[in-house]
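The structure presented is a predicted model; accordingly, all values stated were derived computationally and were not measured. In what follows, every heavy atom counts, from backbone to side chain, and hydrogens, waters and symmetry copies are set aside.
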Amino acid sequence: MARASRLVLLRVLVALGLTLGSVVFAAAPSATAAPGPGSPLPSADPFYDYAGPLGGVAPGTVLRSRPMTFRTPTLDTPVTGSQVLYRTTDQAGDGAVTVATVLRPLTPGPTRLVSYHMAYDALGSKCDPSYTLSGGYANPLNTAEQAVIAGYLAAGYTVVAPDYEGEDLEWTIGRQSGYAALDGVRAAQSFLRVPDSTPVGLVGYSGGSVPTQWGAEVAPRYAPELNIVGTAGGGLPVDLAHNLPYINGSAQWAGVIPALVVAYQRTYDLDTDSFLSTRGKQITQQVSDECINDFARDYPGLTSADMVKPPYSGLLDVPEVVRAVNDNIMGSRGTPRSPLFLAVGHADAVGDTIMVTDDVVGLAHEYCTRGVDVTYAQYDGLTHGQAFPVFEAQALQFLTERFAGTPTRSNCATIPRGNSLAPLPVPSA
């Protein structure tokens with residue numbers, strides 16, 4: 001890692017202690033009691049429920065709010081913020097609701113808003129950022145991302161962290177994740193009473209790169225009023241038709257395969273009985289309320305072929321699965337206006353052990369051909385997990401420079417073509 005990146009990362013990690021020890025946040029009006037350890041899961045918490053009509057409600061409208069404390073299950077802090085339930089849009093274009101956590105430091109000065117997208121990669125509500133940031137549940141990844149968030153807060157940024165998978169925990173679903181991120185920004189701006197012109201940065205790694213990249217991609221049409229000054233996405237799942245064969249039989253990531261089936265079934269109402277094997281049905285049921293740290297390593301050696309019954313030899317032989325995968329290829333629905341920082345590890349001949357390096361290269365190259373200002377970074381020799389702190393350090397530096405209005409360091413001229421973003425042909429039924 002370059003010396004500058006090490007220094008930025010050190011600031012991020014040190015900032016957790018600085019933030020928890022010295023930063024105070026303004027309390028906000030509430031509609032219900034504050035959440036915390038021992039609180040019900042979001043799936044059983046009335047705060048998350050909204051039965052009113054949404055057809056005439058503008059995306060980003062705050063429907064209710066309550067105070068919260070930024071904590072872990074074992075560490076109480078003086079840092080307080082707010083949760084907001086807001087209107088957003090699902091993958092089909094219908095109204096939906098979700099929750100965002102809004103944290104604002106006492107540091108005086110104009111608001112600079114960072115939409116930080118946690119890699120919660122979840123099928124169960126215990127994994128929601130609104131729950132974990134309130135101390136309801138933790139794992140090492142959550143704790144690491146809380147440290148990064150604390151770094152942004154200590155640096156004077158206002159942070160909004162949306163539950164971008166929505167009420168049904170629809171993991172990796174592109175457009176609706178992007179909509180939830182953008183509407184979370186709108187909700188935060190409304191709640192904080194700051195104008196649309198407030199500068200905004202989008203950032204996320206791994207699963208968090210989904211709302212980040214898709215947010216930037218759909219923003220010009222969905223939220224053109226937002227002043228997005230920069231977008232930083234790392235470890236991106238650009239085209240799951242390429243990721244699935246890569247992790248097939250993996251010791252570390254094979255549990256992702258059944259989890260994706262669950263997410264697609266929820267979003268696209270897949271008839272899973274028509275193609276899942278007995279083992280496939282059993283495993284999808286087992287992972288259906290878990291977080292990625294629960295399921296990713298629990299099925300070493302599991303293959304796509306294990307998940308299906310004849311006449312299929314793998315999930316990508318199933319027409320409705322392929323249609324769902326094709327509906328979530330990054331770069332397929334729009335062109336960002338903001339400068340981009342895209343990064344990925346490269347630990348073997350294909351990628352970082354789960355993300356395909358040449359897919360991220362292909363996305364960066366495609367955006368460059370459309371005139372987007374792209375900075376691409378490749379972390380040779382680093383796995384997906386190892387690349388996380390390097391990316392977070394460089395993302396903070398990238399966004400700091402964008403908020404400051406300094407020139408970008410686009411390397412579009414040297415980014416190779418990479419993999420094609422063309423959709424997979426849909427098999428005949």
Side-chain angles (χ1 to χ4, degrees), residues 12-13 15-16 19 35 41-42 48 68 70-73 79 81-84 86 88 98-103 113-153 157-167 169-174 176-185 187-188 200-215 231-237 259 263 290-296 384-385 387-389 391-393 395-396 399:
V12 170
L13 297 179
L16 178 62
T19 303
L41 292 174
Y48 293 78
M68 55 80 68
F70 185 66
R71 57 160 65 97
T72 73
V79 179
S82 299
Q83 292 176 346
V84 294
Y86 61 97
T88 186
T98 193
V99 170
T101 302
V102 182
L103 301 166
L113 188 61
V114 171
S115 187
Y116 188 89
H117 309 127
M118 298 183 73
Y120 62 117
D121 300 355
L123 299 174
S125 69
K126 70 177 182 180
C127 326
D128 281 338
S130 58
Y131 190 65
T132 61
L133 292 174
S134 301
Y137 173 78
N139 60 53
L141 177 57
N142 292 347
T143 302
E145 291 193 305
Q146 281 188 271
V148 177
I149 289 172
Y152 280 102
L153 297 171
Y157 294 101
T158 298
V159 175
V160 54
D163 294 358
Y164 57 83
E165 291 184 17
E167 292 182 287
L169 284 297
E170 294 170 337
W171 175 44
T172 73
I173 305 305
Q176 74 177 27
S177 295
Y179 299 152
L182 298 173
D183 288 328
V185 171
V200 175
L202 309 178
V203 59
Y205 186 78
S206 190
S209 74
V210 176
T212 302
Q213 185 278 332
W214 279 97
T231 300
L236 302 94
E290 294 182 338
C291 313
I292 193 167
N293 56 293
D294 301 318
F295 60 71
H384 191 65
F388 165 72
F391 165 77
E392 292 290 356
L396 173 57
L399 291 180

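A heavy-atom distance below 4.5 Å is not found between the side chains of Val102 and Val159.
Between atom CD of residue Gln213 and atom OG of residue Ser177 there is a gap of 10.5 Å, rounded to the nearest 0.5 Å. Atom CZ of Phe391 is separated from atom CG of Leu396 by 10.5 Å, given to the nearest 0.5 angstrom. Distance check: Ile149 CD1 to Leu103 CG gives 7.0 Å after rounding to the nearest 0.5 Å. Within the model, atoms OH of Tyr48 and OH of Tyr131 stand 9.0 Å from one another, a figure rounded to the nearest 0.5 Å. The CH2 atom of Trp171 lies 5.5 Å from the CG atom of Asp121; values are rounded to the nearest 0.5 Å. Atom CG of Leu123 and atom CD1 of Ile292 lie 9.0 Å apart (nearest 0.5 Å).
A donor-acceptor contact shorter than 3.5 Å links the side chain of Asp294 to the backbone of Cys291. With hydrogens and angles ignored, the 3.5 Å screen pairs no side-chain donor or acceptor of Tyr120 with any backbone N or O of Asn142. For Glu145 (side chain) and Ala119 (main-chain N/O), a donor-acceptor pair under 3.5 Å exists by modelled atom type. Although no hydrogens or angles enter the test, the distance criterion places a donor-acceptor pair under 3.5 Å between the side chain of Asn139 and the main chain of Leu141.
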Exercise for the section: Check the pair Val84, Val99 against side chain to side chain contact (heavy atoms under 4.5 Å, CB included), reporting the backbone distance first and the verdict last. Expected result: CA-CA 5 Å; Val84 294; Val99 170; over 6 Å; no
Practice task
Let me see the working for Val114 and Val203 under side chain to side chain contact (heavy atoms under 4.5 Å, CB included), right down to the final yes or no.
Solution key: CA-CA 7 Å; Val114 171; Val203 59; 3.8 Å; yes
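Ser134 is linked by a side chain to side chain donor-acceptor pair (under 3.5 Å) to Gln83, counting only residues two or more places apart in sequence or in another chain. In this view, Asp163 satisfies the salt bridge (Lys or Arg N to Asp or Glu O under 4.0 Å) rule with no residue, not counting sequence neighbours. Under the side chain to side chain donor-acceptor pair (under 3.5 Å) criterion, Gln176 pairs with Glu170, not counting sequence neighbours. With sequence neighbours left out, Thr212 forms a side chain to side chain donor-acceptor pair (under 3.5 Å) with His117. In terms of the side chain to side chain contact (heavy atoms under 4.5 Å, CB included) criterion, residue partners of Glu167 (sequence neighbours excluded) are, by chain and number, Val97. Applying the side chain to side chain donor-acceptor pair (under 3.5 Å) criterion to Thr98, with sequence neighbours excluded, gives no partner residue.
A tilted orientation is assigned to the rings of Tyr152 and Tyr116, their planes being inclined by 30° to 60°.
For an aromatic pair to be called close, the ring centres must be under 6.0 Å apart, and Phe388 with Tyr205 satisfies this.
Residues Thr231 and Leu399 share a closest heavy-atom pair of N-CD2, 4.3 Å. Here the closest heavy-atom approach between residue Pro162 and residue Tyr86 is recorded as CB-OH, 3.5 Å. Closest non-hydrogen pair, Thr132 versus Met118, comes out as OG1-CE, 4.3 Å. Listed here is the closest heavy atom pair of Cys127 and Ala122: CB-CB, 3.2 Å. Closest heavy-atom contact between Thr101 and Ser130: OG1-CA, 3.5 Å. In this structure, Gly207 and Pro211 approach most closely via the heavy-atom pair O-CD, 3.4 Å.
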